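Accompanying notes for the structure given below.
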Amino acid sequence: QVQLVESGGGLVQPGGSLRLSCAASGRIFRINDMGWYRQAPGKQRELVAAITSGSMTNYADSAKGRFTISRDNAKNTVYLQMNSLKPEDTAVYYCNADVRIYTGYGGSMRVTAYDSWGQGTQVTVSS
């Protein structure tokens, strides 16, 4: 119903920067909160940063001062600018969106809540 496509991951040296992007497509009525999560090997998935439709932001303590989340509502896209990267930032990063989508057609069309996840993009911080 909704596709989230992430890009921008890769290999970077400690102290370097990366910018992740996540574009949503589909029968979208509205996107509410969007966020970035990450999961390192052997660990649980954790919230990195989140942003509301009005651009209010929330960060994990580990991301404060180094990462910046932003969004372009016209493009249904969320970004994560990551600076001063550390080896402990190595993980698969996932995009998440709380979306309202159209279901059905014509007289049976409705707006339905849908929690969508991207496929993940690998970020590796290593010298």
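Position 1 is the first residue of the sequence, and the numbers go up from there. Quick caveat, the model's predicted, so the values are computed rather than measured.
Identified under the ring-ring contact (aromatic ring centres under 6.0 Å, His included) test for residues 1-20, with sequence neighbours left out: none. For residues 81-100, there are no ring-ring contact (aromatic ring centres under 6.0 Å, His included) pairs, not counting sequence neighbours. The stretch residues 63-86 participates, sequence neighbours left out, in no ring-ring contact (aromatic ring centres under 6.0 Å, His included) pair at all. For residues 24-35, there are no salt bridge (Lys or Arg N to Asp or Glu O under 4.0 Å) pairs, not counting sequence neighbours. Every pair passing salt bridge (Lys or Arg N to Asp or Glu O under 4.0 Å) that includes a residue from residues 75-93 is listed here, sequence neighbours excluded: Arg38-Asp89, Arg66-Asp89. Sorted by first and then second residue, the pairs that involve residues 18-40 and meet ring-ring contact (aromatic ring centres under 6.0 Å, His included), not counting sequence neighbours, are Phe29-Tyr102, Tyr37-Trp117.
Contact annotation: the side chain of Leu47 approaches that of Asn58 to within less than 4.5 Å [non-hydrogen atoms, C-beta and beyond]. Under the 4.5 Å side-chain criterion, counting only non-hydrogen atoms from C-beta, Ile69 is in contact with Val78.
By the ring-ring contact (aromatic ring centres under 6.0 Å, His included) test, Tyr59 pairs with no residue at all, sequence neighbours left out. Asp115 is linked by a salt bridge (charged side-chain N to carboxylate O under 4.0 Å, His left out) to nothing, counting only residues two or more places apart in sequence or in another chain. Applying the side chain to side chain donor-acceptor pair (under 3.5 Å) rule to Lys64 yields the partners Asp61; only residues at least two apart in sequence or on another chain are considered. Not counting sequence neighbours, the partners of Thr124 by the side chain to side chain donor-acceptor pair (under 3.5 Å) test are Gln122. Every residue was checked against the side chain to side chain donor-acceptor pair (under 3.5 Å) condition with Thr52, not counting sequence neighbours, and none meets it.
With values rounded to the nearest 0.5 angstrom, Arg100 atom CZ is found 12.5 Å from Ile28 atom CD1.
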For residues 7-26, please give each side-chain donor-acceptor pair under 3.5 Å, one per line with the distance, not counting sequence neighbours.
from, atom 1, to, atom 2, distance (Å)
Ser17, OG, Asn83, OD1, 2.9
Ser25, OG, Gln3, OE1, 3.4

Could you walk me through whether Arg71 and Ile31 pass the side chain to side chain contact (heavy atoms under 4.5 Å, CB included) check? CA-CA 11 Å; Arg71 64 190 286 172; Ile31 303 178; 3.7 Å; yes
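For the pair Asn96 (side chain) and Ser116 (backbone), a donor-acceptor distance under 3.5 Å is present.
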